[in-house]
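These values consider heavy atoms only, across backbone and side chains, with no hydrogens, waters or symmetry-generated copies.
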Amino acid sequence: MNKSGGGHTLSDVALDITVECMDERGIRHQIDTVLGYRSSDPFAVAMTFVTSDGNLVWTFGRDLLMRGTESPVGEGDVHVAPAIGLSGRAMVSIELSSPDGHLVLLARSSDVTAFLARTIAVVAPGMESDFFDVDMLITQVLAS
């Protein structure tokens, strides 16, 4: 299910996961999240945070998420790195920054790996340009 409001095609991938974050007081919170991928936007993944105030969507490079499961990567608003949770479980740290604040999330490595495997089954790494619709992008930009 794509909770960000977009439609699905047969090649969409969506995975409901729970991520952990820590607030400024050091209190841990769990946030329901949907990782999403569409072959029509093959270079990107969407991370949709499901909240009582509505859904918040962050979109960033699939390649960044892939590389970040193995070693720290990122510059700018999104950084991804392997991590170890408090229980000793393998995690993936995803840091998001905006003018409104900074958030560090921990997702189970097994969840992220399963999601990425499903996206790779849809569009293999290096084949993204075969699925990218430049005409649609131009139409969207001109409609804005």
Trainee: Locate the shortest heavy-atom distance separating P72 from P82; write the atom from each residue and the value.
Mentor: N-CD, 3.9 Å
Trainee: Using modelled atom types only, decide if a donor and an acceptor are shared between the side chain of H29 and the backbone of C21 within a distance under 3.5 Å.
Mentor: no
Trainee: Using every non-hydrogen atom in the two residues, find where P42 and V123 come nearest and quote the distance to one decimal.
Mentor: CB-CG1, 4.3 Å
Trainee: Could you tell me which non-hydrogen atom of H79 sits nearest to which non-hydrogen atom of E75, and how far apart they are?
Mentor: CE1-CA, 3.6 Å
Trainee: Which heavy atom in I17 sits nearest to a heavy atom in A107, and how many Å separate them?
Mentor: CD1-CB, 4.1 Å
Trainee: Measure across R108 and M91 and return the closest heavy-atom pair with its distance rounded to 0.1 Å.
Mentor: CA-SD, 3.8 Å
Trainee: Count I, L, V, M, F, W, Y as connected when their side-chain heavy atoms are under 4.5 Å apart, and connections chain through other members. Are V19 and L65 then in the same cluster?
Mentor: yes
Trainee: Taking S40 for the side chain and R38 for the main chain, is one N or O donor matched with an acceptor at less than 3.5 Å?
Mentor: no
Trainee: Is it the case that the side chain of R118 and the backbone of L15 share a donor-acceptor pair, with hydrogens and angles ignored and the cut-off at 3.5 Å?
Mentor: no
Trainee: With a 4.5 Å cut-off on side-chain heavy-atom distances among I, L, V, M, F, W and Y, is there a chain of contacts connecting V92 to V13?
Mentor: yes
Trainee: Could you give the distance from CG (L116) to OG (S109), rounded to the nearest 0.5 Å?
Mentor: 9.5 Å
Trainee: Keeping T51 on the side-chain end and G54 on the backbone end, is there a donor-acceptor pair under 3.5 Å?
Mentor: yes
Trainee: Using the rule that two of Ile, Leu, Val, Met, Phe, Trp, Tyr join whenever any of their side-chain heavy atoms come within less than 4.5 Å, decide whether V45 and L106 are in one cluster.
Mentor: no
